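Each chain gets a letter, A, B and so on, in the order its sequence line appears, and its residues count up from 1. These numbers come from a predicted model, not from an experiment.
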There are 2 protein chains.
Amino acid sequence: MVNMTAPMLSNDPLIHRLQRFHPLSSDDIHALERLSAVPRRRLRARTEFLSEGDRPGQVSILHEGWACKLVMLPDGRRQIAGFLLPGDLLWRPAGDVRLDYSVQALTEVSIIPIGAAAFEFQFAARPALATALAVRDRVEEAIQRRWLVNLGQRSALERIGHLFCELHHRLDAIGLVDGTGFAFPVTQVELGEATGLTPVHVNRTLRALRHQGLIDLESRTLRLPQPAELAQRTLFDPGYLEP
Amino acid sequence: MVNMTAPMLSNDPLIHRLQRFHPLSSDDIHALERLSAVPRRRLRARTEFLSEGDRPGQVSILHEGWACKLVMLPDGRRQIAGFLLPGDLLWRPAGDVRLDYSVQALTEVSIIPIGAAAFEFQFAARPALATALAVRDRVEEAIQRRWLVNLGQRSALERIGHLFCELHHRLDAIGLVDGTGFAFPVTQVELGEATGLTPVHVNRTLRALRHQGLIDLESRTLRLPQPAELAQRTLFDPGYLEP
DNA sequence: CGCCACTTTGAAGCACTTCAACATATGTGG
DNA sequence: CCACATATGTTGAAGTGCTTCAAAGTGGCG
């Protein structure tokens with residue numbers, strides 16, 4: 001690779017994402033590439049990668065596939081606290097903090113584990129990387145907050161529709177939307193765990209969305225035939241996803 | 001002030017909090033004190049300090065009083081996304097990110113505004129401060145996640161009771177709990193905005209908690225006569241608040 | 001082929017909302 | 001310090017969005 005001074009595009013999803021948040025020099029990008037030059041970990045669908053209570057020594061980055069953050073209550077209730085897409089950080093260690101959630105693979109996934117010390121050293125040494133990562137943190141925080149608003153204030157149809165808009169937007173940003181459709185490997189049970197609804201009601205709500213022509217979901221592929229209409233009906237405003 | 005090498009306690013709420021998260025040297029503490037040596041901003045109750053869309057140049061720290069993060073939907077629905085107590089960060093700028101929520105004072109408050117550049121410089125230069133702040137970030141994130149679980153999975157009684165447990169614990173950590181009781185300046189309307197319930201149902205739920213002897217709330221003072229019983233009934237586990 | 005996970009539909013129940021009214025604090029200007 | 005306005009708290013009665021329970025249909029995979 002030639003060490004160009006102009007920024008360049010990367011197909012590494014983390015680099016791709018950070019570049020969207022803050023301009024990076026090619027030196028920054030090479031530093032990231034060096035960090036990422038470690039063997040991937042591969043996991044089968046429906047397996048747990050990190051568990052609540054863990055204190056991993058690595059920063060884990062999702063490279064391919066879908067995963068989710070899951071919180072379980074002692075009585076068995078489950079809440080999905082976020083979907084993880086390529087380029088997302090699964091966890092970044094700090095002090096001796098333990099994970100308060102688990103990470104579950106929804107599809108087959110590949111994960112980049114980077115030693116926490118090397119990761120923090122590179123980001124501390126490079127202001128542009130530090131800023132890009134800080135921006136990413138704010139966006140992540142904003143996504144979590146939107147989920148909170150979703151659960152606190154919205155109807156079932158709004159919750160599910162808003163979630164679809166968010167995922168469509170995030171997947172589009174990493175080039176995983178083909179036309180208007182994209183792979184959507186989430187079951188109705190999981191959709192219920194993410195939106196605080198029962199699987200039965202998720203099913204009925206999907207039917208309503210379908211009958212209104214707002215979604216087209218079959219065989220794990222989701223299409224949004226009228227994205228603008230759906231965004232309006234669910235009060236989706238992408239501002240919080242793109243600083 | 002003598003420059004002792006052993007850590008010391010501070011009545012500055014931010015220092016107090018960071019010390020709980022990671023050990024700080026007295027040099028670290030003095031650096032923080034120098035940062036905080038700026039005129040406080042005072043605000044009356046029920047006023048807005050930061051607004052959605054703002055891009056402040058300061059890190060704002062709540063020094064006295066209660067505030068909250070508020071998200072408003074275009075149609076007027078309101079979701080409180082977190083209560084802010086002394087020592088909490090109201091916002092920490094990153095890149096050119098805009099606020100996705102507003103900050104509302106619930107009581108009279110005093111706020112410490114610190115220039116973002118000076119703040120980031122000190123924390124980048126001092127590893128112990130950086131770690132303490134990173135731990136704080138994870139705890140903040142975990143609190144948000146618990147709120148999500150609250151709204152997604154819990155009944156009205158569990159939501160409100162769990163919130164009371166969280167606030168009791170956080171206030172206790174900064175010395176604002178006197179015996180079993182503490183000042184609780186939140187109205188029932190606001191409690192509804194935080195828990196995704198109508199004020200009417202908040203009222204009925206408070207009555208139920210009262211009749212079961214789990215709370216004693218009057219004239220803006222909240223007492224938890226049986227904290228352990230309440231924690232058990234609401235599945236409250238303080239692990240996520242204390243790494 | 002047969003199992004198991006996922007999806008779909010119906011019917012009944014209930015936690016929470018909505019609408020409405022009144023009671024009680026809180027604060028403010030005269 | 002009272003009079004009045006306004007915010008906050010309380011209670012009742014009716015409605016509804018979502019849950020629960022139950023059962024059957026569909027599809028992927030060993």
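We find that A:Lys69 and A:Asp88 are not joined by a salt bridge, their nearest charged nitrogen and carboxylate oxygen being 4.0 Å or further apart. The existence of a salt bridge linking B:Glu140 and B:Arg92 is excluded, since no basic side-chain nitrogen approaches an acidic carboxylate oxygen closer than 4.0 Å. Under a 4.0 Å N-O distance rule, the pair A:Glu218/A:Arg210 does not qualify as a salt bridge.
Applying the 4.0 Å criterion to OP1 and OP2 of D:dA7, one finds that B:Arg220 has every side-chain N and O outside that range. For D:dT10, one of the phosphate oxygens OP1 or OP2 lies less than 4.0 angstrom from a side-chain nitrogen or oxygen of B:Arg210.
As a whole-Å value, the separation of A:Leu217 CG from C:dC6 P is 14 Å. Taking atom CG of B:Leu151 as the reference point, atom C1' of D:dC18 lies 16 Å away to the nearest angstrom. A:Leu206 has its CG atom 15 Å from the P atom of C:dC6, to the nearest Å. Taking atom CD of A:Glu218 as the reference point, atom C1' of D:dT26 lies 13 Å away to the nearest angstrom. When rounded to the nearest whole Å, the span between CD of A:Gln153 and P of D:dG17 equals 17 Å. Here the P atom of nucleotide C:dA5 and the CD atom of A:Glu190 are 13 Å apart, to the nearest Å. One atom, CG of A:Asn150, and another, P of D:dC18, lie 13 Å apart when rounded to the nearest Å. Distance B:Arg46 CZ to C:dG27 C1': 13 Å, rounded to the nearest Å.
Stacking of B:Arg145 on the aromatic ring of B:Tyr240 is not recorded, the 6.0 Å distance cut-off and the 45° axial limit not both being met.
What you find for B:Leu157 and B:Ala208 is that their closest heavy atoms are CD1-CB, 4.1 Å.
When heavy atoms are screened at a 4.0 angstrom cut-off, B:Arg44 is found touching no nucleic acid atom at all.
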Between protein and nucleic acid, restricted to nucleotides 9-16 of chain C and to nitrogen or oxygen atoms under 3.5 Å apart, what atom pairs and distances do you find?
from: C:dG10; atom 1: N7; to: A:Arg204; atom 2: NH1; distance (Å): 3.3
from: C:dG10; atom 1: O6; to: A:Arg204; atom 2: NH2; distance (Å): 3.3
from: C:dA11; atom 1: N6; to: A:Arg204; atom 2: NH2; distance (Å): 2.8
from: C:dC16; atom 1: OP1; to: B:Ala156; atom 2: N; distance (Å): 2.9
from: C:dC16; atom 1: OP2; to: B:His201; atom 2: NE2; distance (Å): 3.3
from: C:dC16; atom 1: O5'; to: B:His201; atom 2: NE2; distance (Å): 3.4

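In this structure, the side chain of B:Arg41 does not engage the main chain of B:Ser110 through any donor-acceptor pair within 3.5 Å.
For A:Phe164 and A:Phe236, the distance between ring centers is not under 6.0 angstrom.
Closest-nucleotide positions on DNA chain D for A:Ser219 and A:Pro199 were compared, and the one nearer the 5' end corresponds to A:Pro199.
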